[in-house]
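Contents: one structure, followed by commentary.
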There are 2 protein chains.
Amino acid sequence: MTKTKTLAARNALPLNEILAGDCIEVMNSLPEGSVDLIFADPPYNLQLRGDLHRPDNSKVDAVDDAWDQFGSFAHYDQFTRDWLAAARRILKPNGAIWVIGSYHNVFRMGAELQNQGFWILNDVVWRKSNPMPNFRGKRLTNAHETLIWASKAEGAKYTFNYEALKSLNEGIQMRSDWVIPICNGGERLKDDNGDKAHPTQKPEALLHRLIVGTTNPGDVVLDPFFGTGTSGAVAKMLGRDFIGIEREEAYREVAKKRLSKIRKFDREALEVSTSKRSEPRVPFGQLVERGMLRPGEELFSMNGRHKVKVRADGTLIGDDVKGSIHQVGAHLEGAPSCNGWTYWTFKRDGKQVPIDLLRQQIRAEMN
Amino acid sequence: MTKTKTLAARNALPLNEILAGDCIEVMNSLPEGSVDLIFADPPYNLQLRGDLHRPDNSKVDAVDDAWDQFGSFAHYDQFTRDWLAAARRILKPNGAIWVIGSYHNVFRMGAELQNQGFWILNDVVWRKSNPMPNFRGKRLTNAHETLIWASKAEGAKYTFNYEALKSLNEGIQMRSDWVIPICNGGERLKDDNGDKAHPTQKPEALLHRLIVGTTNPGDVVLDPFFGTGTSGAVAKMLGRDFIGIEREEAYREVAKKRLSKIRKFDREALEVSTSKRSEPRVPFGQLVERGMLRPGEELFSMNGRHKVKVRADGTLIGDDVKGSIHQVGAHLEGAPSCNGWTYWTFKRDGKQVPIDLLRQQIRAEMN
DNA sequence: TTCGCAATTGAATCGTTTG
DNA sequence: TCAAACGATTCAATTGCGA
């Protein structure tokens with residue numbers, strides 16, 4: 001594609017607007033090869049069954065909107081094929097796409113990206129620092145979502161601001177797992193009733209990292225499932241142009257109002273999430289999983305008065321007590337609490353070694 | 001499936017052996033519905049077309065004139081379909097499967113799992129604490145791999161040792177992102193030249209968590225891509241039976257040697273924390289029958305707001321309601337459900353005592 | 001005004017046994 | 001087979017209220 005053609009296409013683009021309508025139709029009306037980056041957060045097809053209550057009997061506000069309902073995997077696949085094809089057409093040859101999803105839909109999206117010739121560059125895990133727990137204790141806490149970053153084709157050039165991401169990460173190469181809190185507090189948009197304006201608003205910090213890392217100032221970022229416009233808001237702050245497409249009028253209104261308040265380089269709120277760092281918590285169970293202590297191995301209290309055995313799940317078992325290193329220590333000492341890390345020792349080469357030494361080893365590895 | 005049939009199937013299984021051959025053929029030779037857990041770490045190099053073939057050794061009819069991306073995916077998909085179908089057949093109705101992969105193949109595996117009727121329970125991110133950096137600085141450091149945990153079908157039961165995993169995580173619900181170092185150091189198996197024996201040996205810590213969390217002692221764990229036998233080694237340590245399938249003789253030899261050195265942990269160490277759900281049910285009426293509570297005695301809600309009387313048949317009666325401890329609690333709180341055991345208290349020596357204490361007494365006597 | 005505790009909430013495929 | 005009854009289960013963060 002020639003430079004002239006690219007510029008012509010860009011001039012025909014409705015920049016920094018929210019377009020109403022079905023994203024496939026709207027994208028098909030835009031000029032081919034005209035967009036630098038597409039960020040897409042499509043419906044996840046959650047397939048929820050009944051209601052879910054928290055242990056305190058309060059009801060979980062589920063994502064049960066009509067836009068997330070699909071009759072079958074076949075229907076969802078057709079939908080995915082169609083919007084991805086439309087997205088690919090309007091992407092510049094050196095453009096790229098980000099999609100986000102959960103295990104309900106992300107495997108189908110990823111496979112279809114590959115089928116259509118997109119070239120996956122990374123999958124990125126958004127690790128939520130404060131996810132919703134699994135209330136019934138039937139599965140693991142769903143603590144992450146997956147993003148896929150892909151170029152338009154194998155061998156295509158793509159924008160990657162390596163140094164910018166490295167500085168965002170305190171001088172260390174940015175990894176494929178990003179720890180970012182979910183969107184709540186003041187950032188979470190509310191409607192007139194004080195309820196959340198959109199059930200799945202994404203945090204600006206996520207978009208910030210992704211736009212800084214994979215676009216340049218002046219680039220065009222298109223979002224076919226605009227919602228409340230997080231991608232547009234962050235693009236605007238960072239001096240990129242945006243195009244939003246959204247079917248629901250209520251969401252468009254919220255996004256419009258939000259965007260009117262955004263100023264370029266107005267991003268104080270974003271700096272917070274990257275700075276804080278504390279000593280990582282190391283569960284005792286990790287020492288067992290990693291083979292530093294064997295299930296069945298004996299631990300001895302620092303004062304030499306007590307002996308217990310380690311179990312495969314990282315609990316201890318003594319003559320009349322079982323539980324965590326802290327619980328068992330407290331029980332044996334008749335104390336209200338006990339720091340198991342400084343209380344227990346194990347034997348190596350005839351010597352008593354505090355288990356805290358093993359925790360320090362793990363922490364050293366983590367840095 | 002009847003108990004007898006299950007036992008018969010188990011007896012026909014070659015337990016704790018490494019079977020030579022193509023995993024699809026070997027799996028098809030095993031009895032249907034006989035395995036508790038499958039762990040699969042399949043090859044994902046989409047370019048290695050020669051690695052893939054059908055059970056009957058016929059060549060898949062791919063678009064194979066020139067090297068062609070879609071042809072390669074079609075080929076890989078056929079391979080995935082075949083081995084997953086074979087795996088599904090030998091899985092017990094209440095069995096489960098774990099697969100692991102990277103962005104090259106995991107989306108195709110996940111989609112095919114869903115297509116075959118497996119029901120995804122969680123996707124899990126193995127977050128590597130010491131990944132290989134991206135030397136060229138062209139992408140993000142690939143710092144994780146993805147696992148998928150799925151039951152055989154929607155609604156099927158599956159084994160999940162919630163409390164054990166919670167213990168491993170020092171009392172906090174286990175999340176879907178697991179931070180575990182890559183396999184190196186003494187754990188990494190070397191060949192006679194001192195080179196690594198297998199390119200993608202998985203850490204035992206990963207398998208430890210997964211086997212403790214989703215199987216019980218005595219379960220059968222099958223691995224169709226056994227490699228150097230990490231799954232078998234950890235299964236053996238943890239008192240599970242394993243079945244390994246591996247095509248390459250060199251890997252089988254390494255695994256065999258490795259497994260011969262593994263010893264099972266003490267039985268006591270293999271017992272893990274269990275939830276209340278696994279304890280025997282005690283009807284509330286027993287407390288009355290045994291004279292622990294007298295008919296006519298008053299119970300008070302934990303929050304102190306409600307008072308009811310115990311009747312001789314083990315039901316409660318309040319001002320405008322009667323029924324079981326659970327029904328009355330739920331009604332008085334206007335809640336969808338209520339655990340009466342933790343909701344009601346009685347008075348002894350002027351103190352409020354939870355009725356659950358009496359249940360614990362009865363359960364203690366039962367042991 | 002500030003501190004502390006209680007209440008609220010978030011993309012969720014979130015039971016099992018008995019009769 | 002199906003309905004009814006039993007009864008197990010939450011983490012981090014923010015907001016709001018009362019002292």
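Note on naming: letters A, B, ... go to the chains in the order of the sequence lines (proteins, then strands), and numbering restarts at 1 for each one.
Nucleotide D:dT1 has no partner under the Watson-Crick or G-U criteria, as no pair reaches both atom distances under 3.5 Å. Of the nucleotides present, D:dA19 is the one that pairs with C:dT2 by Watson-Crick or G-U wobble criteria, both distances under 3.5 Å. Shown here, D:dT10 forms no base pair; nothing in the strands shown gives a Watson-Crick or G-U wobble contact with both key distances under 3.5 Å. With a cut-off of 3.5 Å on both Watson-Crick or G-U wobble distances, the partner of C:dC14 is given as none.
Residue contacts shown for B:Pro283 are absent, as no nucleic acid heavy atom lies under 4.0 Å away. Using a 4.0 Å heavy-atom criterion, one finds that B:Thr342 contacts no nucleic acid atom at all. A:Lys202 comes within 4.0 angstrom of a base, heavy atoms only. Here A:Thr200 lies in heavy-atom contact (under 4.0 Å) with a base. B:Arg359 comes within contact range of the sugar-phosphate backbone alone, with a heavy-atom separation under 4.0 Å but no base atom that close. Among the heavy atoms of the strands, none lies under 4.0 Å from A:Cys183. When heavy atoms are screened at a 4.0 angstrom cut-off, B:Glu163 is found touching the sugar-phosphate backbone but no base atom. Residue contacts for A:Pro42: at a heavy-atom cut-off of 4.0 Å it reaches a base atom on one of the strands shown. Residue A:Asp41 is in base contact, counting any heavy-atom pair closer than 4.0 Å across all strands shown.
Relative to the ring axis of A:Phe73, A:Arg108 places its NZ or CZ within 45° and under 6.0 Å from the centre.
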task = In sequence, state the C-alpha distance, the side-chain angles, and the governing distance for B:Asp123 and A:His144, and then conclude on side-chain hydrogen bond (donor to acceptor under 3.5 Å, both in side chains).
result = CA-CA 9 Å; B:Asp123 60 336; A:His144 75 276; 3.0 Å; yes

| request: Begin with the C-alpha distance, continue with both residues' side-chain angles, and end with the deciding distance and a verdict on ring pair (Phe, Tyr, Trp, His ring centres under 6.0 Å) for B:Phe284 and B:Trp344. | output: CA-CA 11 Å; B:Phe284 176 73; B:Trp344 294 108; 9.2 Å; no

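Remark: C1' of D:dA8 and CD1 of B:Ile325 are 13 Å apart, rounded to the nearest angstrom. The OH-P distance, from B:Tyr343 to D:dA8, rounds to 17 Å in whole Å. The CZ-P distance, from A:Arg54 to D:dG7, rounds to 25 Å in whole Å. Per the geometry, CD1 belonging to A:Ile182 stands 9 Å off P belonging to D:dA13, to the nearest Å. Between B:Gln327 atom CD and D:dA3 atom C1' the separation is 13 Å, expressed in whole Å. Summarising the geometry, the separation between CZ on A:Arg188 and P on C:dG10 is reported as 6 Å, rounded to the nearest angstrom. In this entry the distance linking CG of A:Asn105 with P of C:dA11 reads 15 Å, nearest Å. Distance CD (B:Glu170) to C1' (D:dC11): 16 Å, rounded to an integer number of Å.
Side chains of A:Val221 and A:Val234 form no contact here, defined as non-hydrogen atoms less than 4.5 Å apart.
At C:dT9, none of the side-chain N or O atoms of A:Lys196 fall inside 4.0 Å of OP1 or OP2 (strictly under the cut-off). When the side-chain nitrogen and oxygen atoms of A:Ser58 are compared with OP1 and OP2 of C:dA7, none of them lie within a distance under 4.0 Å. Considering only side-chain N and O atoms, B:His326 lies under 4.0 angstrom from the phosphate OP1 or OP2 of D:dG7.
Relative ring orientation between A:Tyr76 and A:Phe70 is described as perpendicular, the plane-to-plane angle rising above 60° on a 0-90° scale split at 30° and 60°. Between B:Phe160 and B:Trp149, the angle of the ring planes lies from 30° to 60°, which puts this pair in the tilted group.
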Its contact letters, B for base, S for sugar-phosphate only and - for none at protein heavy atoms under 4.0 Å, make nucleotides 12-19 of chain C read BBBSSS--

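Projected onto DNA chain D by closest heavy-atom contact, B:Ile172 and B:Asn339 fall at different nucleotides, the more 5' of which corresponds to B:Asn339.
Going from the P atom of D:dA8 to that of C:dA12 covers 25 Å, rounded to whole Å. Between the C1' atoms of C:dG10 and C:dC14, the separation comes to 15 Å (whole Å). Comparing D:dA4 with C:dT13, their C1' atoms are spaced 25 Å from each other, to the whole Å. The same atom, P, is picked in C:dA11 and in D:dT9; the two are 25 Å apart, to the nearest Å.
Judged purely by atom type and a 3.5 angstrom limit, B:Thr315 has no side-chain atom pairing as donor or acceptor with the backbone of B:Arg311.
Syn is the classification of C:dT13, since its glycosidic angle stays within 90° of 0.
Side-chain contact annotation: B:Asn169 with A:Arg281, donor-acceptor N/O pair under 3.5 Å present.
Between the side chain of B:Ser337 and the base of D:dA8 there is at least one donor-acceptor pair of N/O atoms closer than 3.5 Å.
Partners of B:Arg81 by side-chain contact (heavy atoms from CB on, under 4.5 Å), not counting sequence neighbours, listed by chain and number: B:Asp77, B:Gln78, B:Glu112, B:Gln116.
Closest to the A:Asn184 side chain, of the nucleotides D:dT14, D:dC6, D:dA12, is D:dT14.
Within the structure, ring-ring contact (aromatic ring centres under 6.0 Å, His included) pairs that include any residue of residues 180-207 of chain A comprise A:Trp67-A:His198, A:His198-A:Tyr251 (at least two apart or interchain).
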